[in-house]
J.: 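Below is one structure. I have some questions about it.
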Amino acid sequence: MWYRRAAEQSDSRAQHSLGLLYDRGYGVPQDIVEASKWLNLSTAAAPPPAREARARIRNAVTSKMTRGEIAQARLRALEWTPSREH
């Protein structure tokens with residue numbers, strides 16, 4: 001729950017962690033498309049020192065996906081907008 005709340009507010013570390021949780025199905029249903037979405041967002045927002053490492057992990061997850069799943073994950077990432085806590 002906390003990773004999701006932080007990820008939805010644009011915290012790139014939480015997005016990365018949430019992506020890994022979805023990839024492995026830890027605490028959430030395993031969903032490679034959702035994993036890829038969060039890993040894409042995390043990599044795009046990562047500071048330069050972390051970007052390369054996150055890109056490698058994102059690419060490893062992407063290598064397990066079909067073209068359709070990759071397209072769906074990219075679309076979800078493009079359509080994503082951060083939420084604000086009140």
J.: Would you please test Arg5 and Asp11 for side-chain contact (heavy atoms from CB on, under 4.5 Å) and show each step?
T.: CA-CA 9 Å; Arg5 287 177 71 178; Asp11 183 298; over 6 Å; no
J.: Heavy-atom distance under 4.5 Å between the side chains of Val33 and Lys37, does that happen here?
T.: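 They are not in side-chain contact.
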J.: Under the rule for side chain to side chain contact (heavy atoms under 4.5 Å, CB included), what residues qualify as partners of Arg67, not counting sequence neighbours?
T.: none
J.: So how far is it from Arg56 CZ to Thr43 OG1, rounded to the nearest 0.5 Å?
T.: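 The OG1 atom of Thr43 is 11.0 Å from CZ of Arg56, to the nearest 0.5 Å.
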J.: Within a reach of under 6.0 Å around CZ of Arg74, are more than 12 heavy atoms found that belong to other residues, nucleotides or ligands?
T.: no
J.: Do side-chain atoms of Ser63 reach the backbone of Ala60 as a donor and acceptor pair under 3.5 angstrom?
T.: yes
J.: Which heavy atom of Ala73 sits nearest to which heavy atom of Met65, and what is that distance?
T.: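 Scanning both residues completely, I find the closest heavy atoms to be CB-CE, 4.0 Å.
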J.: Check whether any side-chain N or O of Glu69 sits under 3.5 Å from a backbone N or O of Thr66 as a donor-acceptor pair, and report yes or no.
T.: yes
J.: Can you run down the ring pair (Phe, Tyr, Trp, His ring centres under 6.0 Å) pairs that involve residues 48-83, sequence neighbours left out, and say none if there aren't any?
T.: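 Ring pair (Phe, Tyr, Trp, His ring centres under 6.0 Å) check on residues 48-83 returns Trp38-Trp80.
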J.: Lys64 versus Asp23: any side-chain heavy-atom pair under 4.5 Å?
T.: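 Lys64 vs Asp23: side chains touch.
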J.: Give the minimum heavy-atom separation between Ala77 and Leu41, together with the two atoms involved.
T.: O-CD2, 3.8 Å
J.: First locate atom CG of Asn40, then atom CD1 of Ile70, and finally report the distance between them rounded to the nearest 0.5 Å.
T.: 9.5 Å
J.: Between Leu39 and Tyr3, is there shared hydrophobic-cluster membership here, with clusters defined by ILVMFWY side-chain heavy atoms closer than 4.5 Å?
T.: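 Result: no, two separate clusters.
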J.: In Å, rounded to the nearest 0.5 Å, how long is the span from CZ of Arg4 to CD of Gln9?
T.: 12.5 Å
J.: Could you check whether any side-chain N or O of Ser36 sits under 3.5 Å from a backbone N or O of Ile32, counting only pairs where one atom can act as donor and the other as acceptor?
T.: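 No.
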J.: If you look only at distance, which donor and acceptor atoms sit under 3.5 Å apart when one is on a side chain in residues 12-20 and the other is two or more places apart or in another chain?
T.:
unit_1: Ser12; atom_1: OG; unit_2: Arg54; atom_2: NH1; d: 3.0
unit_1: Gln15; atom_1: NE2; unit_2: Ala7; atom_2: O; d: 3.3
unit_1: Ser17; atom_1: OG; unit_2: Arg13; atom_2: O; d: 3.2

J.: Would you call Glu79 and Arg76 a salt bridge, taking side-chain N to carboxylate O under 4.0 Å as the test?
T.: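 A salt bridge is absent here (no side-chain N lies under 4.0 Å from a carboxylate O).
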J.: Please report the C-alpha distance between Arg24 and Gln30 in whole Å, then the side-chain angles of each, then the deciding distance to 0.1 Å, and finally whether the side-chain contact (heavy atoms from CB on, under 4.5 Å) criterion is met.
T.: CA-CA 6 Å; Arg24 296 181 180 115; Gln30 189 172 22; 5.7 Å; no
